[in-house]
Amino acid sequence: MIKTLLFGLSLFATLSIRAAKVDSLDVPSTVMQKTMRAVVVLPESYAKSKANYPVLYLLHGGYGHFNDWITKTPDKNLIQRLADQYNLIIAMPEGEVFSYYLDSPVRKDSQFETYLTKEVIGKIDNTYRTIRDRKGRVITGLSMGGYGSLLLAAHHPDLYCAAGSMSGALNPDMQSWKLPPDMMNGIKLEFEKILGPIEQVPQTYAAFSVINLADKLKANGQNLIVDCGVDDFLIEPNRELHRRLVFNQTPHDYSERPGGHSWDYWQNSLPNHVLFFSNTLKANGSTAP
Amino acid sequence: MYNKILISALGCLLAMQVRAARVDTLDVPSASMTRTLRAAVVLPERYVKAKKRDTTPFPVLYLLHGGTGSFRDWLTKLADKTLLHRLADQYNLIIVTPDGDPTSYYFDSPLVKTSQFETFIAKELIDRIDNTYRTIRDRKGRVIAGLSMGGHGAMFISSRHPDLYSAAGSMSGVMNINTATWKVPADFAKSRSENFAKLLGPPKEGDTPYPGYTMVTLADQLKKNGLPLIFDIGVDDFLIVGNRDLHRQLMENKTPHDYTERPGAHTWEYWENALPYQVLFFSKVLKANQVAIP
């Protein structure tokens, strides 16, 4: 009896806490001639305010989709709570199952750098009251999305003031990834579809490796946060990026935590990223009252 | 100009409103040292404003100061003077900042009777706090962290009393008290080595002068205890070698822990940045322990 009452009360508490609003919208792509979906979480304060809000772009991983973060995180209210807690719009765009968020030199229907940096930002800025400036825009993601956010930030310092990566798949050449050979071969074939065969275009793979962008990241001077689980198959490339950023003296936060390539890990990691971004946005004066 | 003054006045007003937490300064008698020390206690607004019959017990974060510091440090030396207040309010947490003397290293010194800080922090202080405030009188509701000497203190004391604390954290901690691993001028290293000799006796030959008294010799104990651990260090900090060493050892013996390297050095700017991540970490532990107040 008491248990039922308590359960009812906790349910009520959950419902009343989840005040953020979840939108989903179509984001057309001219460059790819197709329309994809995005989820946008608006903090509770947004509706009653006239202020412009900072936006966190939150990218999904490989073999995933735009709604992963709100459906696969074990805590189904995490994104909403973070939006409320930090007064932040959180936009989760589509990156398809294996786009790596780059403009593919070989596939016209996989132009996700252009999509994310022009078409998605354009749509979000024209739909919501956003801070239309790099000072109010931050980007992070998991795995393929961690790679994507660092790649896009490295290529577009004019658009994002800070970037993060959780368990990032930082190097398409897959050097030092700890996976069984059959999985490695499967992923290698996917990379071939967007970059061409590595044996024929090694320079393309090198150019698209975030590890090789350490000097660009230094030159950009954005705030960076990178983490990886110690049991993750991607730990070595993340350590390599950290080593290079320490060596070339690029300020960045780097964490290693318990766990592998899992939603438990990302649920644990994300609040650290949002705390990090909130500090950047505060320093930029880009906070909604 | 006028605008600036107005804005700063408004900012002050806002800060005062936000700063709803209350700060007590408490005398904490130490029987072991036959003297009385002090601690500051930050009580969250929720605690202060609770109705009389509301007996909800609160979790406690023990937050230790560094070398040559005092119990006031965390409340006076941060640029953001209300950070502790805000964190206490945000997470509904009591934050206790006790005195650890300037160079006690939170040891029970076998040689100096007036320096018994493991006993002070782990027994006398906890008793005093638990008997003064509505606290969760159990390891589940107790976490401990600190900076520099205090990072060592938090990790060291909790490693010896896993029955008292459920998580520990270190910011820029002295994870190795062998001063040869510190990147500091020789005279500073010498003065600290002399301090360790005074507290602990003459050093053993070799790389580990005081086995059992420093974290880089306690990795297996940490594994055995299984406490959630978080430690971080600035990449320009003179103590980075000891922190990397401990991280490596805990990787090797597979002890779960959060380890972070950030920009910065051994400064209050660094600790102001680091503390909120530590409290975020502890809030998850307390939630998992089912003692967090929502």
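Each chain gets a letter, A, B and so on, in the order its sequence line appears, and its residues count up from 1. These numbers were taken from a predicted model, which means no experiment stands behind them.
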Undergrad: Any chance you could measure A:Glu256, atom CD, to B:His257, atom NE2, to the nearest 0.5 Å?
TA: 7.0 Å

Undergrad: Can you say whether A:Asn268 sits under 4.5 Å from chain B via the side chain, the backbone, both, or neither, judging by heavy atoms?
TA: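 The answer is both parts of A:Asn268.
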
Undergrad: If you count heavy atoms of other groups shown closer than 6.0 angstrom to NZ of B:Lys140, is the number above 12?
TA: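 It does not: B:Lys140 NZ has 12 such atoms or fewer within range.
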
Undergrad: Let me know if A:Gln85 has heavy atoms under 4.5 Å from chain B in its side chain, its backbone, both or neither.
TA: side chain

Undergrad: With only heavy atoms counted, which part of A:Asp253 is less than 4.5 Å from chain B, the side chain, the backbone, both or neither?
TA: both

Undergrad: Surrounding CE of A:Met184 (heavy atoms of other residues, nucleotides or ligands, distance under 6.0 Å), is the total greater than 12?
TA: yes

Undergrad: Could you tell me whether B:Gln221 atom CD has more than 12 heavy atoms of other residues or ligands within 6.0 Å of it?
TA: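 Yes - once you tally the heavy atoms of other residues, nucleotides and ligands closer than 6.0 Å, there are more than 12.
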
Undergrad: Roughly how far, to the nearest 0.5 Å, is CG of B:Asp258 from OG of A:Ser269?
TA: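 It is 9.5 Å, given to the nearest 0.5 Å.
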
Undergrad: Which residues in residues 271-294 of chain B have a heavy atom less than 4.5 Å from any heavy atom of chain A?
TA: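 Interface residues of residues 271-294 of chain B: B:Asn273, B:Pro276, B:Tyr277, B:Leu280, B:Lys284, B:Lys287.
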
Undergrad: Quick one: which residues of residues 240-250 of chain B reach chain A at under 4.5 angstrom, heavy atoms only?
TA: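 Near chain A, by residue number: B:Arg244, B:His247.
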
Undergrad: Do B:Arg262 and A:His252 come close enough that some side-chain heavy atom pair is under 4.5 Å?
TA: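 No - every pair of side-chain heavy atoms lies 4.5 Å or more apart.
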
